[in-house]
Structures are given as C-alpha cells and as structure tokens.
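Here's the structure we're looking at; comments come further down.
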Amino acid sequence: MPEHVSISQLIGVALLALLTVVWAIGLIRLTRRARAAGLLGPTRSQGAVLRAMPHQRRSGPIAESVELTPEERAAFAGLVRQFSDSRP
C-alpha cells in the first residue's frame with residue numbers, strides 16, 4: 001500500500017468502483033427489460049438501411065493521371081535519388 005494514500009481514500013476508491021459496476025449492471029438490466037417490454041421501440045435489423053441517410057457511392061473518386069515530359073521525369077528521378085541517398 002502506498003505511504004501517501006490513507007485508508008479512507010482507498011476505501012473510497014473501492015466503493016466508487018463497486019458502485020460503478022453495480023450501476024452498469026443495473027442499467028444493462030433496465031434496458032434489456034424495457035426492450036423486452038417494447039418500451040424502447042422496434043430494434044433495427046442487421047440489413048436495414050437508414051432512410052434519412054443519402055445513398056453512398058461504392059467506389060472512390062476517379063483517379064487522375066498526368067503525362068510527364070522527359071525533362072520532368074528526369075527531374076523526378078533526380079529527386080528520388082537525392083532522397084534515397086540521404087537515408088541512413
């Protein structure tokens with residue numbers, strides 16, 4: 001046990017932890033009971049789609065490409081060599 005922590009502080013922390021666990025268990029049981037009684041409304045099935053959400057695209061944006069001139073390719077190759085040479 002740490003020297004700078006009193007017994008009452010340790011008991012307080014343990015009591016708060018115990019009350020948190022009891023509260024969480026009670027909340028879970030209460031929501032399960034309310035769902036079983038139908039008080040929380042219908043639950044959403046696995047395959048259901050939210051009607052308020054817009055239709056999402058399945059693919060990403062169109063990829064763009066640019067043709068480089070031979071001078072630009074040479075400059076890019078020089079940059080790659082410069083960066084790869086500086087690595088340890």
### Summary
d(Thr20 OG1, Leu15 CG) to nearest 0.5 Å is 9.0 Å
### Query
Under the salt bridge (Lys or Arg N to Asp or Glu O under 4.0 Å) test, which residues partner Arg33, sequence neighbours left out?
none
### Task
Check side chain to side chain contact (heavy atoms under 4.5 Å, CB included) between Thr69 and all other residues, then give those that pass, not counting sequence neighbours.
Glu71, Glu72
### Query
With a 4.5 Å heavy-atom cut-off, do His4 and Gln9 have their side chains touching?
no
## Note on the structure
side-chain contact (heavy atoms from CB on, under 4.5 Å) with Trp23: of Ile25, Leu27, Val21, only one passes, and it is Leu27
